[in-house]
Protein chains: 2
Amino acid sequence: MSTQFSTKERILGAAEELFAQQGFGATSLRQVTSRADVNIAAVNYHFGSKENLVNEVFRRRMDDMSDHRLSMLNDARAQRPGELEAILAAFVEPALALAAGRNGGGAFIRVIARAYAEQNDGLRGFLSERYGHVQREFARAIADCVPGLAKEQLYWRLDFLGGALTYAMADFGLIRRPPGVDEQTHRRRAAEELIRFAAAGFRS
Amino acid sequence: MSTQFSTKERILGAAEELFAQQGFGATSLRQVTSRADVNIAAVNYHFGSKENLVNEVFRRRMDDMSDHRLSMLNDARAQRPGELEAILAAFVEPALALAAGRNGGGAFIRVIARAYAEQNDGLRGFLSERYGHVQREFARAIADCVPGLAKEQLYWRLDFLGGALTYAMADFGLIRRPPGVDEQTHRRRAAEELIRFAAAGFRS
DNA sequence: GTCTATATAGTGATAGAC
DNA sequence: GTCTATCACTATATAGAC
């Protein structure tokens, strides 16, 4: 085994960091290949085009996070049926794990935030087509926990949860990690607070 | 009086729409001046640089929205003291009014969302320096309504509110405006739902 | 205040040697 | 699989005529 990263992996990692900092449009392939310390032609060899590279950057992490969410959701339904907080934890904690992880996880959360803001190109469609079933699973699970909730109200509140989660995980807001607290503890605190806040909101 | 827009105003309007659609980095001054139907050199004459144009696009609307928020907050505190929902309405509804307004208001909300995602350049600092006092006013007002709330918890929840608001106003989520409902009604519904959701969260 | 023309640099992508 | 060299374009910014 080897601790080396392949050219392809180095390109993906560098692209992820730069996309998060500057956006897709503002990030040039030359910046990416320079940071990855590979030749400019390598990105076209491995990915074909810049747009394809953007999609690969997403797929790599989102697939993992979606699987993580669905497996936690199944556990929650099996072991703690009818408990809203467990469902919300299955939604929130994989995002937290991603954001707190090494290898630019925090950067990736900002990439997601950007993806939503870039509403015109095919990226949003790509995300909703590929991961829409995850959202629908959670909608069903939450509806089972809050029986009287109207469908439209459920969807509004899911949107609020998604927004609050994205915002908090990306460190957009007022809250900054205090000096004495490590990253993982800080993220865990965020998850606890959000689950409590959202649970009250869904039940109101 | 005239219904004409000046060159400067046309540049600002076109820039706002394009920034919202594509981001700052990906939007060229040529796109801006082409849409505004002005010469490419005009933007440098009126704004000096692209970065300055970006700042002006923000300032123009954020100043109005912040004033609107503070005036509604003062009214709420005077007329409906201690009522959390009135405070939240003062925070949420000016954003809604902006998003529902003509002249690319919906686009502008996405510009704000982008500003938060672009964490590296000076834009975030510019926003927090210029509008931080508004956030602090609302923090104080909400704290007065929910006396037992710890300061840290209050800030977490303010972040959740901000995230949910941004996300919902920008139409990022699952909820789409139904065909029979006009834009303004849809936005008003969003505000009502969010105020209810957040009020329950703050009180939990 | 608006225009044309242009300086200077960076862009994505590709061809072809190794 | 990686390299150099280069193509055709576009970018921001500015100089100077009107």
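Below, chains carry the letters A, B, ... as their sequence lines are ordered, and counting in each starts from 1.
With sequence neighbours left out, B/Phe202 forms a ring-ring contact (aromatic ring centres under 6.0 Å, His included) with A/Phe197. A search for side chain to side chain contact (heavy atoms under 4.5 Å, CB included) contacts involving B/Glu85 returns B/Glu83, B/Ile195, B/Ala199, B/Arg203, not counting sequence neighbours. With sequence neighbours excluded, the residues that form a side chain to side chain donor-acceptor pair (under 3.5 Å) with B/Thr185 are B/Asp182. Checked against side chain to side chain contact (heavy atoms under 4.5 Å, CB included), B/Asp75 has the following partners two or more places apart in sequence or in another chain: B/Gln79. Every residue two or more places apart in sequence or in another chain that forms a salt bridge (charged side-chain N to carboxylate O under 4.0 Å, His left out) with B/Arg59 is listed here: B/Glu56, B/Asp63. Shown here are the salt bridge (charged side-chain N to carboxylate O under 4.0 Å, His left out) partners of B/Arg189, two or more places apart in sequence or in another chain: A/Glu152, B/Glu193.
Per the geometry, CG belonging to A/Leu18 stands 11 Å off P belonging to C/dT11, to the nearest Å. What separates CG of B/Asn44 from P of D/dT14 is a distance of 6 Å, to the nearest Å.
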For nucleotides 1-3 of chain C, tabulate all protein N/O to nucleotide N/O atom pairs closer than 3.5 Å, reporting atom names and distance.
{"from": "C/dG1", "atom 1": "OP2", "to": "B/Tyr45", "atom 2": "OH", "distance (Å)": "3.0"}
{"from": "C/dT2", "atom 1": "OP1", "to": "B/Thr7", "atom 2": "OG1", "distance (Å)": "2.7"}
{"from": "C/dT2", "atom 1": "OP2", "to": "B/His46", "atom 2": "NE2", "distance (Å)": "2.9"}
{"from": "C/dC3", "atom 1": "OP2", "to": "B/Asn39", "atom 2": "N", "distance (Å)": "3.1"}

Would you tabulate the pairs of protein nitrogen or oxygen atoms and nucleotide nitrogen or oxygen atoms of nucleotides 7-11 of chain D closer than 3.5 angstrom?
{"from": "D/dA11", "atom 1": "OP1", "to": "B/Ser28", "atom 2": "OG", "distance (Å)": "2.6"}

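Pairs of residues two or more places apart, or lying in two chains, that qualify as salt bridge (charged side-chain N to carboxylate O under 4.0 Å, His left out) and include a residue from residues 32-45 of chain A are A/Glu17-A/Arg35.
Using cut-offs of 30° and 60° for the angle between ring planes, the B/Phe24 and B/Phe19 rings count as perpendicular.
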